[in-house]
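Remarks on the structure that follows.
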Amino acid sequence: MSNIPASETKNSDSAITRTDVPYLPKNGLWDAFSRSPGIGVSIIDTNGQLLFVNDTSCALFFETLEVDYVGKTLSDLHPPEFAIERHEVIRRSIQHNKPIHMSHVYHGRRIESTIWPILDKKPPFDRVIVISNRGAFDIELDQGASNIEHYSTKHIELGTLDVLSNRELEVLVLLGHGQNVPEIAAMLHRSPKTIQRHKAAISEKLHLHGQAELVKLVSKLGLELEDCNLKRMSKKDTTR
């Protein structure tokens, strides 16, 4: 870190506010966020070629660190629906020179990604950096997100949850959000016996034991009811 003193100003409350951008060593800054636990970092060009993927991003999108992404594109490693949507968002981010946020479910888990255009001073001018992490993100409440566009995905990749029918997925999410069987029956216009059968089938297919495990699973995956209306992606072997 530089020892150059920062310029400072005082606001009306006499609090010191930084007005400069501190000098940060290039390699140190890159290491700081590309190696931070829980932060996925990828660099992708407009052709969908993967130029860099850190370990966390590999874990998020491939569920393994053993991914040979060199020379590969999004289409090589992901379902076609995923690749087509990401191509669209990458081109849009570069064309409009603004970041775009996506909240999407992949391998059955919610992933938050923000695509940032790389402001190169010389060609090529066709790359973005994608920052991803697991967890909830409310773009309307995020004070720093006023200039970030939100892209609504149309697809979902359920991973091991793909064994569930659409109705079972709805029941799973509602149970995980604290609704009981009679309440779900009323919401979905089905009998309580039908919902109970769905609940039993869910527990059997996912090897869950009791309501607590079911709630814990939905909370961990970050699933919402609106996710159940998304179109499921095609199968793709992402470990090649």
Side-chain angles (χ1 to χ4, degrees), residues 38-40 56-64 74 77-86 89 101-114 130 132-142 150-239:
I39 304 299
T56 299
S57 195
C58 284
L60 287 173
F61 290 99
F62 305 110
E63 297 191 310
T64 177
L74 292 171
L77 297 174
H78 295 284
E81 300 91 342
F82 181 100
I84 290 171
E85 270 199 340
R86 273 56 184 181
V89 176
H101 174 261
M102 298 182 68
S103 180
H104 46 124
V105 174
Y106 204 63
H107 298 306
R109 293 181 173 88
R110 182 164 304 284
I111 301 175
E112 308 294 342
S113 295
T114 305
V130 183
S132 303
N133 67 285
R134 287 194 182 129
F137 178 93
D138 192 334
I139 198 168
E140 293 182 354
L141 299 180
D142 193 302
H150 181 73
Y151 181 92
S152 297
T153 181
K154 301 175 180 63
H155 299 90
I156 191 170
E157 205 286 309
L158 288 169
T160 56
L161 299 184
D162 202 44
V163 297
L164 302 180
S165 68
N166 287 344
R167 181 64 75 189
E168 288 169 347
L169 185 62
E170 287 180 325
V171 173
L172 170 67
V173 173
L174 289 170
L175 287 168
H177 282 273
Q179 303 293 324
N180 59 35
V181 168
E183 291 171 337
I184 296 172
M187 291 177 65
L188 300 182
H189 306 289
R190 295 292 186 272
S191 71
K193 287 185 178 180
T194 298
I195 301 303
Q196 191 63 50
R197 284 198 298 269
H198 286 318
K199 181 179 179 180
I202 292 166
S203 297
E204 181 179 355
K205 290 180 179 180
L206 300 183
H207 309 291
L208 299 174
H209 304 283
Q211 181 79 10
E213 286 191 10
L214 192 151
V215 172
K216 183 178 179 180
L217 174 67
V218 173
S219 177
K220 177 182 177 182
L221 301 181
L223 295 174
E224 300 292 342
L225 186 60
E226 53 265 28
D227 296 325
C228 303
N229 297 322
L230 299 175
K231 184 178 180 180
R232 301 190 187 194
M233 294 185 193
S234 308
K235 302 292 184 182
K236 184 77 172 186
D237 180 5
T238 61
T239 61

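Numbers for residues simply follow the sequence, beginning at 1.
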(Q) Once side chain to side chain donor-acceptor pair (under 3.5 Å) is applied, what residue pairs with a partner in residues 188-198 remain, sequence neighbours excluded? (A) Ser191-Thr194, Thr194-Arg197

Q.
Does the Lys NZ or Arg CZ of Arg109 fall within the cation-pi geometry relative to Tyr106 - under 6.0 Å from the ring centre and within 45° of the axis?
A. no

Q: Please step through side chain to side chain contact (heavy atoms under 4.5 Å, CB included) for the pair Leu230 and His155, ending with a clear verdict.
A: CA-CA 5 Å; Leu230 299 175; His155 299 90; 5.8 Å; no

Q: Report yes or no: do Ser113 and His104 form a side-chain donor-acceptor pair below 3.5 Å?
A: yes

Q. Strictly by modelled atom types, are Thr153 and Glu85 linked by a side-chain donor-acceptor pair under 3.5 Å?
A. yes

**Q.** Check: His209 and Ser203 side chains under 4.5 Å, non-hydrogen atoms
**A.** no

Q. Please, which pairs that meet side chain to side chain donor-acceptor pair (under 3.5 Å) have at least one residue in residues 211-221, sequence neighbours excluded?
A. Lys199-Gln211

Q: Determine, step by step, whether Glu112 and Ser132 satisfy the side chain to side chain contact (heavy atoms under 4.5 Å, CB included) criterion, reporting the C-alpha distance in whole Å, the side-chain angles of both residues, the deciding distance to 0.1 Å, and the verdict.
A: CA-CA 5 Å; Glu112 308 294 342; Ser132 303; over 6 Å; no

Q. About how many Å separate CZ of Phe61 and CG of Leu74, when rounded to the nearest 0.5 Å?
A. 9.5 Å

Q. Would a 4.5 Å heavy-atom cut-off, applied to side chains only, mark Leu188 and Ile195 as touching?
A. yes

Q. Where the side chain of Arg232 meets the backbone of Asp162, is there a donor-acceptor pair that is under 3.5 Å apart?
A. yes

**Q.** Step-by-step side chain to side chain contact (heavy atoms under 4.5 Å, CB included) determination, His107 to Glu157
**A.** CA-CA 5 Å; His107 298 306; Glu157 205 286 309; 3.4 Å; yes

**Q.** Flag side-chain contact, heavy atom, 4.5 Å: Tyr151 against Arg86
**A.** no

Q: Answer yes or no: does atom CD of Glu204 have more than 12 heavy-atom neighbours from other residues, nucleotides or ligands under 6.0 Å?
A: no

Q.
Is the shortest side-chain heavy-atom distance between Val163 and Leu158 below 4.5 Å?
A. no

Q) Taking the side chain from His150 and the backbone from Met102, do they hold a donor-acceptor pair closer than 3.5 Å? A) no

Contacts under 3.5 angstrom, residues 167-179 side chains, donor-acceptor by atom type, not counting sequence neighbours:
unit_1, atom_1, unit_2, atom_2, d
Arg167, NH1, Glu170, OE1, 2.8
Glu168, OE1, Ser165, N, 2.9
Glu168, OE1, Lys205, NZ, 2.9
Glu168, OE2, Lys205, NZ, 3.3
His177, NE2, Leu223, O, 2.8

Q | Residue pair Ser234, Glu81: steps toward the side chain to side chain donor-acceptor pair (under 3.5 Å) verdict | A | CA-CA 7 Å; Ser234 308; Glu81 300 91 342; 2.7 Å; yes

